[in-house]
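Quantities reported herein were computed from a predicted structural model and do not represent experimental measurements. One-based numbering, in listed order, for ligands and for the atoms of each.
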Amino acid sequence: MPELPEVETVRAGLQALLPGKIIAAESHDWPKSFPNSNADVAAFLIGSKIVQVRRRAKVLLIDLSSNYTLVTHLKMTGQLVFVSKTVEDSKLPNSNSHIPYSNDEVRFGAGHPNDSLIGQLPDKSTRVTLTFKDNSQLFFNDQRKFGWMKVYPTPEVPNIDFMVKVGPEPLEEAFTPQILFDRLQRRKNTSIKAALLDQTVLAGVGNIYADESLWGAKIHPATLVKHITAEQVALLHKELQFVLNLAIEQGGSSNHTYVNAEGKKGSYMHFARVFRREGQACPRCGAIIEKSKVAGRGTHTCPACQNQR
Ligand SMILES: [Zn+2]
């Protein structure tokens with residue numbers, strides 16, 4: 001499952017490439033991946049221009065000039081790959097992006113790592129193909145078919161059930177330690193890890209960044225929310241923002257799940273302090289990192305740094 005930094009990597013890459021492109025054609029092979037009527041495709045998709053690519057939690061929002069939005073959820077195995085045969089019609093990405101240039105092809109892909117990111121497309125994992133007027137294409141590949149792309153009127157996007165329920169964005173300026181504290185009180189009697197994973201408490205945090213931020217704040221993941229002080233929450237808030245920002249800078253995690261089109265893995269996992277480092281020394285104190293199960297998920301902790309519950 002992608003977490004916030006991985007989806008943000010997809011968003012930033014597509015935002016550098018898609019705005020201004022006009023959708024000329026759409027095709028799909030699996031109705032659940034693209035549950036829109038032909039009439040809606042003809043009326044709201046074909047001929048419309050891409051305005052911008054946004055993200056809310058782990059959901060991508062591709063806004064169209066028709067005042068409709070392609071709401072896209074990558075779920076377990078989704079990936080988006082943009083391929084253009086012409087260099088000049090693509091805006092030059094900044095140096096931090098992962099958009100490789102070969103002789104005459106611009107390609108950006110992020111999401112589930114398999115050869116579809118770098119191979120010929122469409123292939124057997126391709127669920128949806130958008131072809132733009134300049135012949136560049138966006139492929140939505142999804143082996144396991146849990147993901148989807150759906151058009152909604154843009155003004156209605158905030159009213160989608162998920163959007164109504166999802167918690168605040170952890171990297172927005174409005175997200176203060178006090179807000180984190182207040183949101184956590186919704187899950188007073190659960191473990192702090194379960195609360196962080198609850199998307200209605202906070203948007204976009206999954207297993208990797210929960211473990212990393214709790215280690216940073218020296219909080220054991222099994223600690224009940226009601227036992228966590230405001231000072232601890234303030235530290236956790238700082239650590240959450242730190243690990244998420246670091247991962248975005250690195251292009252998402254390389255948790256065997258996300259690579260960009262160059263086949264270059266995001267490098268956050270090299271920076272992980274506890275996640276999937278069981279048996280290794282804690283970088284802070286040298287104790288041996290342990291793996292256990294908290295909130296039903298594999299959980300990584302330092303027995304010395306995170307020893308209180
Ligand atoms: Zn330690």
Side-chain angles (χ1 to χ4, degrees), residues 1-6 8-9 167-168 170-171 175-199 201-258 265-309:
M1 197 70 151
E3 301 189 31
L4 187 154
E6 291 76 43
E8 179 58 24
T9 299
L171 294 180
F175 181 69
T176 60
Q178 184 63 48
I179 287 176
L180 177 59
F181 187 88
D182 293 344
R183 301 294 297 187
L184 287 171
Q185 304 318 305
R186 302 157 74 102
R187 300 291 308 270
K188 255 184 145 94
N189 295 312
T190 65
S191 68
I192 181 68
K193 178 156 180 178
L196 286 178
L197 295 177
D198 180 344
Q199 298 299 298
V201 169
L202 189 62
V205 175
N207 210 30
I208 300 173
Y209 304 103
D211 281 8
E212 287 294 306
S213 60
L214 287 166
W215 178 88
K218 299 187 184 178
I219 298 169
H220 193 283
T223 312
L224 295 181
V225 170
K226 64 185 173 191
H227 295 148
I228 294 181
T229 65
E231 288 74 25
Q232 285 178 303
V233 170
L235 194 52
L236 179 60
H237 175 273
K238 196 176 129 206
E239 290 295 329
L240 266 171
Q241 294 192 329
F242 171 76
V243 295
L244 293 171
N245 278 321
L246 182 64
I248 289 169
E249 273 171 37
Q250 304 295 331
S253 77
S254 65
N255 180 20
H256 306 293
T257 310
Y258 287 88
K265 289 181 178 174
S267 51
Y268 176 71
M269 293 305 286
H270 304 305
F271 290 76
R273 286 92 39 105
V274 281
F275 192 78
R276 297 219 170 135
R277 294 179 68 89
E278 62 269 29
Q280 298 179 46
C282 168
R284 191 162 45 205
C285 76
I288 299 302
I289 292 163
E290 294 174 350
K291 186 173 180 186
S292 60
K293 209 160 214 190
V294 177
R297 306 289 299 274
T299 296
H300 309 80
T301 51
C302 169
C305 294
Q306 297 165 279
N307 61 353
Q308 288 184 350
R309 299 199 189 180

Do we see a donor-acceptor contact under 3.5 Å between the side chains of K193 and N207?
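Side-chain D/A pair, K193 to N207: present.
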Can you find a side-chain donor-acceptor pair between Q178 and D182 that sits under 3.5 Å?
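Short answer, yes.
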Going by salt bridge (Lys or Arg N to Asp or Glu O under 4.0 Å), name the residues that satisfy it together with R183, two or more places apart in sequence or in a different chain.
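Counting only residues at least two positions away or on another chain, R183 forms no salt bridge (Lys or Arg N to Asp or Glu O under 4.0 Å).
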With sequence neighbours left out, what residues match S213 under side chain to side chain donor-acceptor pair (under 3.5 Å)?
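S213: no side chain to side chain donor-acceptor pair (under 3.5 Å) contacts found.
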Provide the protein N, O or S atoms situated under 2.8 Å from the Zn ion (ligand 1); waters are not included.
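Result, waters dropped: C282 SG, C285 SG, C302 SG, C305 SG.
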Checking F181 now: which residues fulfil ring-ring contact (aromatic ring centres under 6.0 Å, His included) with it, not counting sequence neighbours?
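By the ring-ring contact (aromatic ring centres under 6.0 Å, His included) rule, F181 matches no residue at all.
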Could you tell me whether the side chain of E3 and the main chain of I208 form a donor-acceptor pair under 3.5 Å?
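A pair under 3.5 Å: yes.
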